[in-house]
Amino acid sequence: MAKKRIFSGIQPTGNIHLGNYLGAVKNWVDSQEEYENIFCVVNSHAITIKQDPKELHQKTYELAAILLACGIDTQKSHLFIQSQIDEHAALAWILDCNIPMGDMSRMTQFKDKSAKNPKNINVGLFNYPALMAADILLYQVDGVPVGEDQKQHLELTRDVAMRFNRDYGECFKIPEPLIPKVGARIMGLDNPESKMSKSSSGANHAIFLLDSPEAIMAKFKKATTDSHTTIVFDPTRAGLYNLLSIYEIFTHKSRESIEQEFAGKGYGQLKSAIAEVVIESLRPIRERYERLMGDEGYIREILAQGAQSVRPIASGTYERAKELVGLV
Ligand code: ATP
Ligand code: LTN
């Protein structure tokens, strides 16, 4: 039986953090055997927020190197840069003309991001989900592995695809969201009420994948918890629950055995144990990244091959969509 196909994307903005890794990238890596994989550095999405052009260019290659360092294997997965395939923006236009304003206006990410960037609330930021829908629908995929925050965008993607198929004729496969049971919403270490985010500025907010061991230890030590004394998986104790979930994912231990391990121990011991596990898990990623960044030509070559290998799928879908709506 043919493998199911998946697609996912990540923006080359800010620094990739533990939330991106546990909510998305680690799952891409772990399920590479199971699926036919298409992964994309979505640089066109990044310009919905003002970027320094040179820095964006650099960050795009850096992020590709980090994904490879995390274990994306180009023998098993396609990896490419969004702006190298024109059909993404072109299909987004056709979808734009088939998404009601009311549906788009409900997107909470737009509300959050425009509140954070009040001086640059541009049409692209509003329209962002149409470009994301195009990313996915171009490749006729079965699933989209993402964190919890992208669920609403995937619903919009499914709605526009179903409406298009009904109104013009069969064109798009309807994708399912693939959201992990644990890790889909990693919270900020400084504020466990808000999701860990690249765009939050607090020094102690996020663990970045390229952080030094010392920085990781210091950030976990300062993580916000509460004034209780027991160490248990209780979702109402957001800070502790977040830390325990991170430990659970990295150690693969059961919740009961983790609770037993820390019975009678304090938050200080818990935080050190988590920091150590995270440091050891991220160490090989940082080391591989440093080796890869020494050879930018190699990264470019991999990305060019990635784009070349998936372009026929994208252009096949785009040509069909164009024909169905009557564009010559
Ligand atoms: P920001 O963190 O600034 O909001 P973003 O969500 O725009 O950035 P992307 O790089 O586009 O970040 O996201 C890549 C993937 O990481 C997406 O699948 C997203 O759902 C996931 N993700 C982002 N933040 C978290 C988080 N805190 N916990 C779990 N998954 C997350
Ligand atoms: N919108 C996502 C990034 C993204 C994406 C995609 C994810 C762009 N295109 C396609 C999955 C599939 C975000 O903001 N995290």
Side-chain angles (χ1 to χ4, degrees), residues 5-29 37-49 51 59-60 62-64 66-67 70 80-83 85 88-89 91-92 95 107-113 115-117 124-125 127-139 141-158 161 175-202 205-209 238 242 245-246 249 314:
R5 185 184 289 164
I6 59 167
F7 178 97
S8 202
I10 179 162
Q11 301 187 73
T13 47
N15 293 319
I16 180 169
H17 54 69
L18 210 53
N20 301 132
Y21 183 62
L22 300 181
V25 178
K26 184 173 183 298
N27 304 314
W28 306 354
V29 171
N37 314 285
I38 307 179
F39 301 125
C40 183
V41 177
V42 290
N43 57 345
S44 306
H45 275 108
I47 62 169
T48 55
I49 306 286
Q51 306 289 338
K59 284 264 172 210
T60 302
E62 273 177 27
L63 181 58
I66 295 178
L67 295 178
C70 286
F80 74 102
I81 300 179
Q82 185 184 31
S83 63
I85 298 194
H88 289 246
L91 180 63
L95 298 180
M107 297 295 110
T108 56
Q109 182 170 298
F110 171 71
K111 292 178 196 165
D112 294 346
K113 293 211 168 176
K116 278 189 187 166
N117 299 281
L125 186 65
N127 234 9
Y128 177 114
L131 181 58
M132 173 163 167
D135 295 341
I136 297 165
L137 297 176
L138 276 177
Y139 297 97
V141 298
D142 299 281
V144 185
V146 280
E148 173 78 32
D149 60 328
Q150 295 305 308
K151 205 168 160 188
Q152 196 185 35
H153 288 163
L154 280 174
E155 272 155 22
L156 183 111
T157 302
R158 287 166 56 87
E176 297 290 334
L178 300 172
I179 298 174
K181 286 201 186 70
V182 186
R185 190 170 173 81
I186 298 294
M187 309 309 276
L189 294 190
D190 56 348
N191 173 11
E193 303 300 327
S194 75
K195 84 159 188 132
M196 190 176 283
S197 162
K198 288 175 186 153
S199 38
S200 288
S201 52
H205 171 76
I207 301 286
F208 299 113
L209 293 201
N242 190 42
S245 305
I246 295 171
I249 302 174

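Remember, it's a predicted structure, so these values are computed and weren't measured experimentally. Indexing begins at 1, ligand by ligand and atom by atom, following the structure's order.
- Taking a cut-off of under 4.0 Å to the non-hydrogen atoms of Q150, the atoms of ligand 1 that pass are 20 (O).
- The atoms of ligand 1 that sit less than 4.0 Å from any heavy atom of G183 are 29 (C).
- Around atom 5 (P) of ligand 1, the closest heavy atom drawn from Q11, K26, K116 belongs to Q11.
- Under the rule for a side chain to side chain contact (heavy atoms under 4.5 Å, CB included), the partners of P175 that lie at least two apart in sequence or sit in another chain are I136, L137, V141, V144, T157, R158.
- One finds the CD1 atom of I10 at 12.0 Å from the OH atom of Y21 (value rounded to the nearest 0.5 Å).
- Counting heavy atoms only, I10 comes closest to atom 14 (C) of ligand 1 of the residues I16, I10, N242, V42.
- The environment of CD1 in I49 is crowded: more than 12 heavy-atom neighbours from other residues, nucleotides or ligands sit within 6.0 Å.
- For the atom pair CZ of F7 and SG of C40, the computed distance is 4.0 Å after rounding to the nearest 0.5 Å.
- Heavy-atom distances between K113 and ligand 1 reach below 4.0 Å in at least one pair.
- A distance of 14.0 Å separates CG of N43 from NZ of K59, quoted to the nearest 0.5 Å.
- Taking each heavy atom of P180 and G183 in turn, the nearest pair found is CG-C, 4.3 Å.
- If you look at D149 next to ligand 1, the close heavy atoms, those under 4.0 Å, all belong to the side chain.
- Any N or O atom pair closer than 3.5 Å counts here, and A24 shares no such pair with ligand 1.
- When heavy-atom distances to ligand 1 are checked against a 4.0 Å cut-off, A184 comes that close only through its backbone atoms N, CA, C and O.
- The aromatic rings of Y128 and H153 lie tilted to each other, with the angle between the two planes from 30° to 60°.
- Taking CG of L22 as the start and CD1 of I249 as the end, the distance is 4.5 Å to the nearest 0.5 Å.
- In this structure, the side chains of H205 and M196 come closer than 4.5 Å at one or more pairs of heavy atoms.
- Contact annotation: P12 has no heavy atom less than 4.0 Å from any atom of ligand 1.
- The salt bridge (Lys or Arg N to Asp or Glu O under 4.0 Å) pairs that include a residue from residues 142-156 are D142-K173, D149-K195, where partners are two or more places apart or lie in different chains.
- Rounding to the nearest 0.5 Å places OG of S44 at 14.0 Å from CE of M132.
- In this structure, the separation between CD1 on I246 and CG on L18 is 5.0 Å, given to the nearest 0.5 Å.
- Here is the list of ligand 1 atoms found below 4.0 Å of a heavy atom in G147: 18 (O), 19 (C), 20 (O), 30 (N).
- Residue H17 places a heavy atom less than 4.0 Å from ligand 1.
- Considering both main-chain and side-chain atoms, G19 comes within under 3.5 Å of ligand 1 through a nitrogen or oxygen pair.
- Here the protein heavy atom with the shortest distance to atom 23 (C) of ligand 1 is N20 ND2, 3.1 Å.
- A heavy-atom distance below 4.5 Å is not found between the side chains of S200 and H17.
- The shortest N or O to N or O distance between K195 and ligand 1 is below 3.5 Å.
- Taking distance alone, with nitrogen or oxygen atoms compared against 3.5 Å, I186 approaches ligand 1 more closely than that limit.
- When each atom of ligand 1 is checked for a heavy atom of V146 under 4.0 Å away, the hits are 18 (O).
- Contacts of R185 with ligand 1, taken as heavy-atom pairs under 4.0 Å, involve the backbone alone.
- Geometrically, ligand 1 and M196 share a nitrogen or oxygen pair separated by less than 3.5 Å.
- Nearest heavy-atom pair, K198 versus T13, reported as atom, atom and distance to 0.1 Å: CD-O, 3.0 Å.
- Of all the heavy atoms in Q51 and A46, the pair that sits closest is NE2-O, 2.9 Å.
- Ligand 1 has no atom lying under 4.0 Å from any heavy atom of L22.
- When the ring-ring contact (aromatic ring centres under 6.0 Å, His included) test is applied to F110, the partners found at least two apart in sequence or on another chain are F126.
- Contacts between S199 and ligand 1 below 4.0 angstrom, taking non-hydrogen atoms only, involve backbone and side chain alike.
- Of all heavy-atom pairs spanning S245 and V182, the tightest one is CB-CG1, 3.9 Å.
- In terms of N/O distances under 3.5 Å, ligand 1 is not approached by Y128.
- Considering only non-hydrogen protein atoms, atom 3 (O) of ligand 1 sits nearest to K198 N, 3.0 Å.
- Residue-level contacts of ligand 2 at the 4.0 Å heavy-atom threshold are F7, S8, G9, Q11, V42, H45, Q109, Y128, M132, D135, I136, V144, V146, Q150.
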